[in-house]
Amino acid sequence: MKEAAFEVKEELEELENTELHIAITGETGSGKSTLINALRGLKAEDDGAAPVGVTETTLNPNVYVHPNYPKVNLWDLPGIGSPDFSPDSYLQKVDFQRYDFFIIVGSERFRSNLINLAQAIQKMEKKCYFVRSKVDSDLWKDPNTFNAEEVLEKMRDDFKKQLRKCFRNTIPQVFLISSWDLGKYDFPRLVETLEKDLPSLKRLAFLLSLPMFSPEFTEKKKSALKSHLWKISLVSADINADLIPSLPLVCDVALLCGSMVALYKAFELDDDSLARKAKLAGKPVKELKAVMISPQEKEITRDLVINYAEELFLPSLVRSLAAAGVSIVITYWMLSNFLDNLAEDAERVRKKALEPIALGRAAFPRPKEGEDSLSPYEPTATQRPSSEALLHVAPTQEIQKVATQERAFSSFVGVGDNWLIFVLVFITHFVSFILYFYVFYLC
(Lines give C-alpha, C1' and ligand atoms only; values in the text may rest on other atoms or scores of the structure.)
Protein backbone atom coordinates (compact mmCIF):
# COMPACT_ATOMS: atom_id res chain seq x y z
CA MET A 1 0.00 0.00 0.00
CA LYS A 2 2.87 2.33 0.79
CA GLU A 3 4.41 1.70 -2.64
CA ALA A 4 1.07 2.28 -4.36
CA ALA A 5 0.62 5.55 -2.47
CA PHE A 6 4.04 6.78 -3.58
CA GLU A 7 3.29 5.90 -7.21
CA VAL A 8 -0.01 7.76 -7.03
CA LYS A 9 1.71 10.74 -5.41
CA GLU A 10 4.18 10.89 -8.30
CA GLU A 11 1.27 10.78 -10.75
CA LEU A 12 -0.47 13.67 -8.97
CA GLU A 13 2.75 15.69 -9.01
CA GLU A 14 3.16 14.96 -12.72
CA LEU A 15 -0.34 16.27 -13.34
CA GLU A 16 0.41 19.42 -11.36
CA ASN A 17 3.53 20.03 -13.47
CA THR A 18 1.98 19.18 -16.85
CA GLU A 19 2.35 22.07 -19.29
CA LEU A 20 -0.11 22.79 -22.08
CA HIS A 21 0.74 25.17 -24.94
CA ILE A 22 -2.13 26.20 -27.23
CA ALA A 23 -1.28 28.15 -30.38
CA ILE A 24 -3.98 30.43 -31.80
CA THR A 25 -3.35 31.96 -35.20
CA GLY A 26 -5.28 33.34 -38.17
CA GLU A 27 -5.69 36.35 -40.37
CA THR A 28 -5.50 39.89 -39.03
CA GLY A 29 -8.73 40.94 -37.33
CA SER A 30 -10.16 37.41 -37.24
CA GLY A 31 -10.73 37.43 -33.47
CA LYS A 32 -7.67 35.56 -32.18
CA SER A 33 -7.16 37.80 -29.16
CA THR A 34 -10.86 37.86 -28.32
CA LEU A 35 -10.90 34.06 -28.23
CA ILE A 36 -7.83 33.97 -25.97
CA ASN A 37 -9.47 36.39 -23.55
CA ALA A 38 -12.69 34.35 -23.54
CA LEU A 39 -10.80 31.16 -22.69
CA ARG A 40 -9.18 33.00 -19.77
CA GLY A 41 -12.41 34.63 -18.57
CA LEU A 42 -11.21 38.17 -19.25
CA LYS A 43 -12.34 41.28 -21.09
CA ALA A 44 -10.04 43.21 -23.42
CA GLU A 45 -9.71 46.06 -20.90
CA ASP A 46 -8.66 43.78 -18.01
CA ASP A 47 -5.07 43.72 -16.80
CA GLY A 48 -3.11 41.03 -18.58
CA ALA A 49 -5.69 40.56 -21.35
CA ALA A 50 -4.63 40.13 -24.97
CA PRO A 51 -5.01 43.46 -26.84
CA VAL A 52 -7.89 43.51 -29.32
CA GLY A 53 -8.05 45.68 -32.45
CA VAL A 54 -9.04 45.77 -36.09
CA THR A 55 -5.40 46.18 -37.08
CA GLU A 56 -2.75 43.60 -36.32
CA THR A 57 -1.73 43.86 -32.66
CA THR A 58 0.57 40.82 -32.62
CA LEU A 59 3.98 41.06 -34.29
CA ASN A 60 5.67 38.26 -32.33
CA PRO A 61 4.29 35.22 -30.46
CA ASN A 62 2.84 36.47 -27.17
CA VAL A 63 2.07 34.06 -24.35
CA TYR A 64 -0.90 34.57 -22.03
CA VAL A 65 -0.81 32.45 -18.89
CA HIS A 66 -4.11 31.21 -17.51
CA PRO A 67 -5.04 33.11 -14.31
CA ASN A 68 -5.69 29.94 -12.27
CA TYR A 69 -3.42 27.43 -14.04
CA PRO A 70 0.06 28.85 -14.68
CA LYS A 71 1.07 25.73 -16.63
CA VAL A 72 -1.63 26.38 -19.26
CA ASN A 73 -0.32 28.85 -21.85
CA LEU A 74 -2.28 30.37 -24.72
CA TRP A 75 -0.13 31.80 -27.50
CA ASP A 76 -1.32 34.64 -29.70
CA LEU A 77 0.66 34.15 -32.91
CA PRO A 78 1.28 36.86 -35.53
CA GLY A 79 -1.55 37.33 -38.01
CA ILE A 80 -1.33 35.87 -41.51
CA GLY A 81 -2.11 38.50 -44.09
CA SER A 82 0.76 39.20 -46.45
CA PRO A 83 0.56 37.90 -50.07
CA ASP A 84 4.06 36.44 -49.89
CA PHE A 85 3.22 34.39 -46.80
CA SER A 86 5.29 31.20 -46.45
CA PRO A 87 4.01 28.48 -44.04
CA ASP A 88 7.49 27.02 -43.48
CA SER A 89 9.13 30.31 -42.55
CA TYR A 90 6.12 31.28 -40.43
CA LEU A 91 6.23 28.04 -38.42
CA GLN A 92 9.98 28.40 -37.96
CA LYS A 93 9.55 31.96 -36.72
CA VAL A 94 6.91 31.04 -34.11
CA ASP A 95 8.87 27.98 -32.85
CA PHE A 96 6.50 25.31 -34.16
CA GLN A 97 7.60 22.45 -31.85
CA ARG A 98 6.60 24.36 -28.72
CA TYR A 99 2.83 23.91 -29.16
CA ASP A 100 0.57 20.95 -28.40
CA PHE A 101 -2.00 21.91 -31.04
CA PHE A 102 -3.04 24.82 -33.26
CA ILE A 103 -6.36 26.65 -33.53
CA ILE A 104 -6.65 28.50 -36.84
CA VAL A 105 -9.19 31.31 -36.60
CA GLY A 106 -11.07 32.76 -39.57
CA SER A 107 -13.91 35.27 -39.51
CA GLU A 108 -15.31 34.71 -43.03
CA ARG A 109 -13.84 32.18 -45.45
CA PHE A 110 -10.65 30.25 -44.87
CA ARG A 111 -8.33 31.78 -47.42
CA SER A 112 -5.41 30.05 -49.11
CA ASN A 113 -2.90 31.31 -46.53
CA LEU A 114 -4.73 29.54 -43.72
CA ILE A 115 -5.17 26.34 -45.71
CA ASN A 116 -1.47 26.29 -46.65
CA LEU A 117 -0.59 26.73 -42.98
CA ALA A 118 -2.87 23.85 -41.95
CA GLN A 119 -1.29 21.59 -44.58
CA ALA A 120 2.20 22.43 -43.29
CA ILE A 121 1.11 21.72 -39.69
CA GLN A 122 -0.28 18.33 -40.69
CA LYS A 123 2.92 17.40 -42.51
CA MET A 124 4.77 17.99 -39.26
CA GLU A 125 2.31 15.65 -37.50
CA LYS A 126 0.63 18.20 -35.27
CA LYS A 127 -3.09 18.66 -34.73
CA CYS A 128 -4.85 21.76 -36.03
CA TYR A 129 -8.48 22.87 -35.90
CA PHE A 130 -10.31 25.50 -37.92
CA VAL A 131 -12.47 27.88 -35.89
CA ARG A 132 -14.97 30.18 -37.61
CA SER A 133 -15.36 33.15 -35.30
CA LYS A 134 -17.82 36.06 -35.27
CA VAL A 135 -20.77 33.79 -36.04
CA ASP A 136 -23.06 36.09 -34.07
CA SER A 137 -22.47 39.02 -36.43
CA ASP A 138 -23.66 36.97 -39.41
CA LEU A 139 -26.77 35.78 -37.61
CA TRP A 140 -27.59 39.28 -36.39
CA LYS A 141 -27.54 40.92 -39.82
CA ASP A 142 -31.20 40.11 -40.38
CA PRO A 143 -32.43 37.59 -37.80
CA ASN A 144 -36.05 37.67 -38.97
CA THR A 145 -35.52 36.48 -42.53
CA PHE A 146 -33.90 33.09 -41.99
CA ASN A 147 -33.67 30.10 -39.70
CA ALA A 148 -30.48 30.26 -37.58
CA GLU A 149 -29.91 26.49 -37.61
CA GLU A 150 -30.19 26.38 -41.40
CA VAL A 151 -27.64 29.19 -41.74
CA LEU A 152 -25.22 27.46 -39.37
CA GLU A 153 -25.56 24.15 -41.18
CA LYS A 154 -24.97 25.87 -44.52
CA MET A 155 -21.79 27.46 -43.11
CA ARG A 156 -20.51 24.06 -42.01
CA ASP A 157 -21.26 22.47 -45.38
CA ASP A 158 -19.56 25.29 -47.28
CA PHE A 159 -16.40 24.98 -45.19
CA LYS A 160 -16.34 21.19 -45.57
CA LYS A 161 -16.61 21.46 -49.35
CA GLN A 162 -13.86 24.06 -49.42
CA LEU A 163 -11.51 21.94 -47.31
CA ARG A 164 -12.19 18.70 -49.25
CA LYS A 165 -10.74 20.35 -52.34
CA CYS A 166 -7.49 21.13 -50.52
CA PHE A 167 -6.89 18.12 -48.23
CA ARG A 168 -6.50 14.63 -49.62
CA ASN A 169 -6.13 12.67 -46.40
CA THR A 170 -7.18 14.02 -43.00
CA ILE A 171 -9.54 17.00 -43.33
CA PRO A 172 -9.31 19.39 -40.34
CA GLN A 173 -12.59 19.91 -38.54
CA VAL A 174 -14.36 23.26 -38.57
CA PHE A 175 -16.06 24.67 -35.47
CA LEU A 176 -18.42 27.66 -35.43
CA ILE A 177 -18.04 29.58 -32.19
CA SER A 178 -18.90 32.83 -30.45
CA SER A 179 -16.21 34.23 -28.18
CA TRP A 180 -18.95 36.20 -26.39
CA ASP A 181 -20.81 33.01 -25.40
CA LEU A 182 -18.76 29.81 -25.44
CA GLY A 183 -21.83 27.72 -24.67
CA LYS A 184 -23.34 28.44 -28.10
CA TYR A 185 -22.78 26.76 -31.45
CA ASP A 186 -19.82 24.34 -31.79
CA PHE A 187 -17.56 25.16 -28.85
CA PRO A 188 -18.80 22.16 -26.78
CA ARG A 189 -18.03 19.94 -29.78
CA LEU A 190 -14.53 21.45 -29.99
CA VAL A 191 -13.98 20.55 -26.31
CA GLU A 192 -15.09 16.96 -26.95
CA THR A 193 -12.77 16.68 -29.94
CA LEU A 194 -9.77 17.94 -27.98
CA GLU A 195 -10.62 15.52 -25.16
CA LYS A 196 -10.18 12.64 -27.59
CA ASP A 197 -7.04 14.00 -29.23
CA LEU A 198 -5.02 15.11 -26.19
CA PRO A 199 -3.04 12.76 -23.91
CA SER A 200 -4.68 12.10 -20.52
CA LEU A 201 -2.75 14.59 -18.39
CA LYS A 202 -2.92 17.40 -20.93
CA ARG A 203 -6.61 16.62 -21.45
CA LEU A 204 -7.35 17.16 -17.77
CA ALA A 205 -5.26 20.35 -17.68
CA PHE A 206 -7.25 21.67 -20.65
CA LEU A 207 -10.63 20.80 -19.09
CA LEU A 208 -9.76 22.36 -15.74
CA SER A 209 -8.65 25.61 -17.38
CA LEU A 210 -11.88 26.18 -19.32
CA PRO A 211 -14.52 28.57 -17.94
CA MET A 212 -17.88 27.22 -16.74
CA PHE A 213 -19.92 27.83 -19.87
CA SER A 214 -22.82 25.35 -19.50
CA PRO A 215 -24.48 22.90 -17.05
CA GLU A 216 -23.25 19.99 -19.17
CA PHE A 217 -19.66 21.19 -18.92
CA THR A 218 -20.00 21.58 -15.15
CA GLU A 219 -20.92 17.89 -14.97
CA LYS A 220 -18.07 16.99 -17.31
CA LYS A 221 -15.55 18.82 -15.14
CA LYS A 222 -16.98 17.28 -11.97
CA SER A 223 -16.72 13.77 -13.45
CA ALA A 224 -13.10 14.34 -14.52
CA LEU A 225 -12.16 15.56 -11.04
CA LYS A 226 -13.99 12.78 -9.24
CA SER A 227 -11.82 10.16 -10.92
CA HIS A 228 -8.84 11.63 -9.02
CA LEU A 229 -10.37 11.71 -5.54
CA TRP A 230 -9.40 8.12 -4.71
CA LYS A 231 -5.80 8.95 -5.58
CA ILE A 232 -5.81 11.96 -3.25
CA SER A 233 -7.47 9.87 -0.53
CA LEU A 234 -4.89 7.09 -0.85
CA VAL A 235 -1.96 9.51 -0.61
CA SER A 236 -3.60 11.39 2.26
CA ALA A 237 -4.12 8.24 4.32
CA ASP A 238 -0.71 6.72 3.77
CA ILE A 239 1.95 9.39 3.17
CA ASN A 240 2.78 12.04 5.79
CA ALA A 241 -0.43 11.05 7.54
CA ASP A 242 -1.07 12.22 11.10
CA LEU A 243 -3.50 10.91 13.66
CA ILE A 244 -6.27 13.47 14.11
CA PRO A 245 -6.57 14.37 17.80
CA SER A 246 -9.36 12.48 19.56
CA LEU A 247 -9.99 10.34 16.45
CA PRO A 248 -8.50 7.00 15.37
CA LEU A 249 -8.30 8.40 11.86
CA VAL A 250 -5.15 9.20 9.89
CA CYS A 251 -4.88 11.67 7.01
CA ASP A 252 -2.62 14.37 5.61
CA VAL A 253 -4.64 17.44 6.57
CA ALA A 254 -2.41 19.85 4.64
CA LEU A 255 -2.88 17.80 1.45
CA LEU A 256 -6.66 17.85 1.90
CA CYS A 257 -6.68 21.62 2.43
CA GLY A 258 -4.64 22.14 -0.73
CA SER A 259 -6.91 19.81 -2.71
CA MET A 260 -10.02 21.67 -1.55
CA VAL A 261 -8.58 25.04 -2.56
CA ALA A 262 -7.68 23.57 -5.96
CA LEU A 263 -11.31 22.51 -6.42
CA TYR A 264 -12.45 26.09 -5.82
CA LYS A 265 -10.21 27.23 -8.68
CA ALA A 266 -11.42 24.43 -10.95
CA PHE A 267 -15.01 25.64 -10.56
CA GLU A 268 -14.10 29.37 -10.66
CA LEU A 269 -15.28 29.88 -7.08
CA ASP A 270 -12.05 31.29 -5.66
CA ASP A 271 -11.99 35.01 -4.86
CA ASP A 272 -10.06 36.07 -7.96
CA SER A 273 -12.27 34.07 -10.33
CA LEU A 274 -15.45 35.40 -8.72
CA ALA A 275 -14.12 38.96 -9.10
CA ARG A 276 -13.49 38.42 -12.83
CA LYS A 277 -16.88 36.79 -13.31
CA ALA A 278 -18.61 39.62 -11.43
CA LYS A 279 -16.99 42.22 -13.67
CA LEU A 280 -18.00 40.35 -16.82
CA ALA A 281 -21.58 40.22 -15.50
CA GLY A 282 -21.56 43.86 -14.33
CA LYS A 283 -22.59 42.80 -10.82
CA PRO A 284 -21.08 43.06 -7.33
CA VAL A 285 -19.18 40.05 -6.07
CA LYS A 286 -21.51 39.74 -3.08
CA GLU A 287 -24.40 38.83 -5.39
CA LEU A 288 -22.46 35.85 -6.72
CA LYS A 289 -21.17 34.79 -3.31
CA ALA A 290 -24.67 35.01 -1.83
CA VAL A 291 -25.92 32.04 -3.88
CA MET A 292 -23.11 29.79 -2.63
CA ILE A 293 -23.75 27.30 0.16
CA SER A 294 -20.16 26.09 0.53
CA PRO A 295 -17.75 27.88 2.89
CA GLN A 296 -15.63 30.54 1.23
CA GLU A 297 -12.16 29.69 -0.07
CA LYS A 298 -10.40 31.56 2.75
CA GLU A 299 -12.19 29.41 5.33
CA ILE A 300 -10.60 26.16 4.13
CA THR A 301 -8.25 25.52 7.05
CA ARG A 302 -6.93 22.62 9.07
CA ASP A 303 -9.67 23.18 11.65
CA LEU A 304 -12.34 22.90 8.96
CA VAL A 305 -10.99 19.55 7.74
CA ILE A 306 -10.86 18.23 11.30
CA ASN A 307 -14.44 19.41 11.87
CA TYR A 308 -15.53 17.43 8.83
CA ALA A 309 -13.78 14.32 10.11
CA GLU A 310 -15.31 14.69 13.56
CA GLU A 311 -18.77 15.05 12.03
CA LEU A 312 -18.25 11.94 9.92
CA PHE A 313 -16.52 9.75 12.49
CA LEU A 314 -18.37 6.91 14.21
CA PRO A 315 -16.33 4.83 16.70
CA SER A 316 -17.88 1.59 15.44
CA LEU A 317 -16.51 2.25 11.95
CA VAL A 318 -12.82 2.21 12.81
CA ARG A 319 -10.87 -0.79 14.06
CA SER A 320 -7.12 -1.04 14.34
CA LEU A 321 -6.97 -3.74 11.67
CA ALA A 322 -8.78 -1.56 9.12
CA ALA A 323 -7.88 1.97 10.16
CA ALA A 324 -6.01 2.82 6.94
CA GLY A 325 -8.80 1.52 4.72
CA VAL A 326 -11.46 3.41 6.66
CA SER A 327 -9.35 6.57 6.50
CA ILE A 328 -9.29 6.30 2.71
CA VAL A 329 -13.06 5.73 2.51
CA ILE A 330 -13.94 8.60 4.84
CA THR A 331 -11.48 10.94 3.11
CA TYR A 332 -12.95 10.07 -0.27
CA TRP A 333 -16.49 10.56 1.05
CA MET A 334 -15.55 13.96 2.45
CA LEU A 335 -13.89 15.13 -0.79
CA SER A 336 -16.72 13.72 -2.91
CA ASN A 337 -19.35 15.67 -0.95
CA PHE A 338 -17.15 18.74 -1.18
CA LEU A 339 -16.87 18.34 -4.95
CA ASP A 340 -20.62 17.81 -5.44
CA ASN A 341 -21.47 20.94 -3.49
CA LEU A 342 -18.91 23.07 -5.31
CA ALA A 343 -20.30 21.89 -8.65
CA GLU A 344 -23.80 22.93 -7.55
CA ASP A 345 -22.46 26.28 -6.34
CA ALA A 346 -20.67 26.80 -9.66
CA GLU A 347 -23.91 26.28 -11.56
CA ARG A 348 -25.80 28.66 -9.26
CA VAL A 349 -23.10 31.31 -9.68
CA ARG A 350 -23.12 30.84 -13.47
CA LYS A 351 -26.89 31.33 -13.63
CA LYS A 352 -26.73 34.32 -11.30
CA ALA A 353 -24.06 35.96 -13.47
CA LEU A 354 -26.27 35.47 -16.55
CA GLU A 355 -29.32 37.11 -14.98
CA PRO A 356 -30.05 40.50 -16.56
CA ILE A 357 -29.30 43.54 -14.43
CA ALA A 358 -32.50 45.01 -13.00
CA LEU A 359 -33.85 48.09 -14.77
CA GLY A 360 -32.64 51.31 -13.23
CA ARG A 361 -29.72 49.65 -11.48
CA ALA A 362 -26.28 50.45 -12.76
CA ALA A 363 -23.43 47.97 -12.69
CA PHE A 364 -21.56 47.91 -9.39
CA PRO A 365 -19.28 50.97 -9.18
CA ARG A 366 -15.57 50.80 -8.59
CA PRO A 367 -14.38 52.05 -5.19
CA LYS A 368 -13.43 55.72 -5.12
CA GLU A 369 -10.03 56.92 -4.04
CA GLY A 370 -9.59 56.39 -0.31
CA GLU A 371 -12.20 53.66 -0.02
CA ASP A 372 -11.51 50.05 0.81
CA SER A 373 -10.20 48.47 -2.40
CA LEU A 374 -9.29 44.92 -1.45
CA SER A 375 -10.35 44.01 -4.97
CA PRO A 376 -11.46 46.53 -7.63
CA TYR A 377 -14.67 44.56 -8.02
CA GLU A 378 -15.46 43.95 -4.33
CA PRO A 379 -18.03 46.01 -2.38
CA THR A 380 -16.55 48.80 -0.30
CA ALA A 381 -16.15 48.42 3.47
CA THR A 382 -19.45 50.14 4.19
CA GLN A 383 -21.30 48.08 1.61
CA ARG A 384 -19.72 44.69 2.32
CA PRO A 385 -21.78 42.45 4.64
CA SER A 386 -20.24 40.34 7.37
CA SER A 387 -18.52 37.10 6.43
CA GLU A 388 -21.29 35.18 8.16
CA ALA A 389 -23.90 36.87 5.95
CA LEU A 390 -21.91 36.06 2.83
CA LEU A 391 -21.60 32.44 3.85
CA HIS A 392 -25.10 31.69 5.00
CA VAL A 393 -27.64 34.17 3.63
CA ALA A 394 -28.95 33.51 0.10
CA PRO A 395 -31.51 35.80 -1.55
CA THR A 396 -33.08 33.09 -3.74
CA GLN A 397 -35.92 30.77 -2.79
CA GLU A 398 -33.97 27.66 -3.75
CA ILE A 399 -31.42 28.15 -0.95
CA GLN A 400 -32.54 28.13 2.67
CA LYS A 401 -30.93 30.40 5.21
CA VAL A 402 -28.35 28.67 7.35
CA ALA A 403 -28.17 30.07 10.85
CA THR A 404 -24.82 28.79 12.09
CA GLN A 405 -21.54 27.60 10.71
CA GLU A 406 -22.02 24.20 12.35
CA ARG A 407 -25.26 23.70 10.47
CA ALA A 408 -23.51 24.63 7.23
CA PHE A 409 -20.81 22.04 7.94
CA SER A 410 -23.39 19.30 8.52
CA SER A 411 -25.28 20.18 5.35
CA PHE A 412 -22.01 20.41 3.44
CA VAL A 413 -20.75 16.90 4.19
CA GLY A 414 -24.15 15.18 4.18
CA VAL A 415 -23.89 13.58 7.64
CA GLY A 416 -27.48 12.46 7.44
CA ASP A 417 -26.83 9.98 4.63
CA ASN A 418 -27.61 6.86 6.66
CA TRP A 419 -27.24 4.56 3.69
CA LEU A 420 -23.59 5.48 3.26
CA ILE A 421 -22.92 4.97 6.96
CA PHE A 422 -24.49 1.52 6.64
CA VAL A 423 -22.23 0.72 3.68
CA LEU A 424 -19.13 1.83 5.61
CA VAL A 425 -20.11 -0.28 8.61
CA PHE A 426 -20.75 -3.27 6.36
CA ILE A 427 -17.39 -2.92 4.58
CA THR A 428 -15.52 -2.53 7.86
CA HIS A 429 -17.09 -5.59 9.46
CA PHE A 430 -16.63 -7.61 6.26
CA VAL A 431 -12.90 -6.82 6.16
CA SER A 432 -12.57 -7.64 9.85
CA PHE A 433 -14.37 -10.97 9.31
CA ILE A 434 -12.00 -11.94 6.48
CA LEU A 435 -8.94 -11.07 8.57
CA TYR A 436 -10.21 -12.97 11.61
CA PHE A 437 -11.04 -16.00 9.45
CA TYR A 438 -7.55 -15.92 7.89
CA VAL A 439 -5.88 -15.79 11.31
CA PHE A 440 -8.09 -18.64 12.58
CA TYR A 441 -7.23 -20.74 9.50
CA LEU A 442 -3.49 -20.26 10.03
CA CYS A 443 -3.80 -21.30 13.66
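Numbers here simply count residues along the sequence, with the first being 1.
When side chains are defined from C-beta on, V105 counts as touching I24, because their heavy atoms get closer than 4.5 Å. At least one side-chain heavy atom of I103 sits under 4.5 Å from a side-chain heavy atom of F101. The side-chain heavy atoms of L274 and K289, taken from C-beta on, include a pair separated by under 4.5 Å.
R276 contributes no side-chain N or O that, together with a main-chain N or O of D271, makes up a donor-acceptor pair within less than 3.5 Å. Distance alone, capped at 3.5 Å, is enough to place a donor-acceptor pair between the S33 side chain and the P51 backbone. With hydrogens and angles ignored, the 3.5 Å screen pairs a side-chain donor or acceptor of R203 with a backbone N or O of E195. Judged by distance alone, with hydrogens and angles left aside, the side-chain atoms of R348 form a donor-acceptor pair with the main-chain N or O of V291 at under 3.5 Å. Using modelled atom types, one side-chain atom of Y99 and one backbone atom of V94 make a donor-acceptor pair closer than 3.5 Å. Between the side chain of S223 and the backbone N or O of K220, no donor-acceptor pair lies under 3.5 Å. K127 places no side-chain N or O within 3.5 Å of a backbone atom of Q122 that could act as its donor or acceptor partner. Checking side-chain atoms of N37 against main-chain N and O of A50 turns up a donor-acceptor pair under 3.5 Å.
Salt bridge annotation for K265-D270: absent, with no cationic side-chain nitrogen under 4.0 angstrom from a carboxylate oxygen. Between R350 and E347, at least one side-chain N (NZ, or NE/NH1/NH2) sits under 4.0 Å from a carboxylate O, which counts as a salt bridge. The pair R132-D186 fails the salt-bridge criterion, with no side-chain N (NZ, NE, NH1 or NH2) lying under 4.0 Å from an Asp/Glu carboxylate O. Salt bridge annotation for K352-D345: absent, with no cationic side-chain nitrogen under 4.0 angstrom from a carboxylate oxygen. Between R98 and D95 there is a salt bridge, since a side-chain N of the basic residue sits under 4.0 Å from a carboxylate O of the acidic one. Electrostatic pairing of D157 and K154 does not count as a salt bridge here, judged by no charged N lying under 4.0 Å from a carboxylate O.
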Ring pair (Phe, Tyr, Trp, His ring centres under 6.0 Å) evaluation trace for Y264 with F338: CA-CA 10 Å; Y264 274 91; F338 187 93; 5.6 Å; yes
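Rounding to the nearest 0.5 Å places NE2 of H228 at 8.0 Å from CG of L208. Separating the CD1 atom in I232 from the CG atom in L263 is a distance of 6.5 Å, to the nearest 0.5 Å.
Heavy atoms from other residues, nucleotides or ligands lying under 6.0 Å from NZ of K43 number more than 12.
Take K202 and apply the salt bridge (Lys or Arg N to Asp or Glu O under 4.0 Å) test, not counting sequence neighbours, and it matches D100.
Just one of F96, F130, Y129 meets the ring pair (Phe, Tyr, Trp, His ring centres under 6.0 Å) condition when paired with F102; it is F96.
With 3.5 Å as the limit, one finds no donor-acceptor pair spanning the side chains of N68 and S209.
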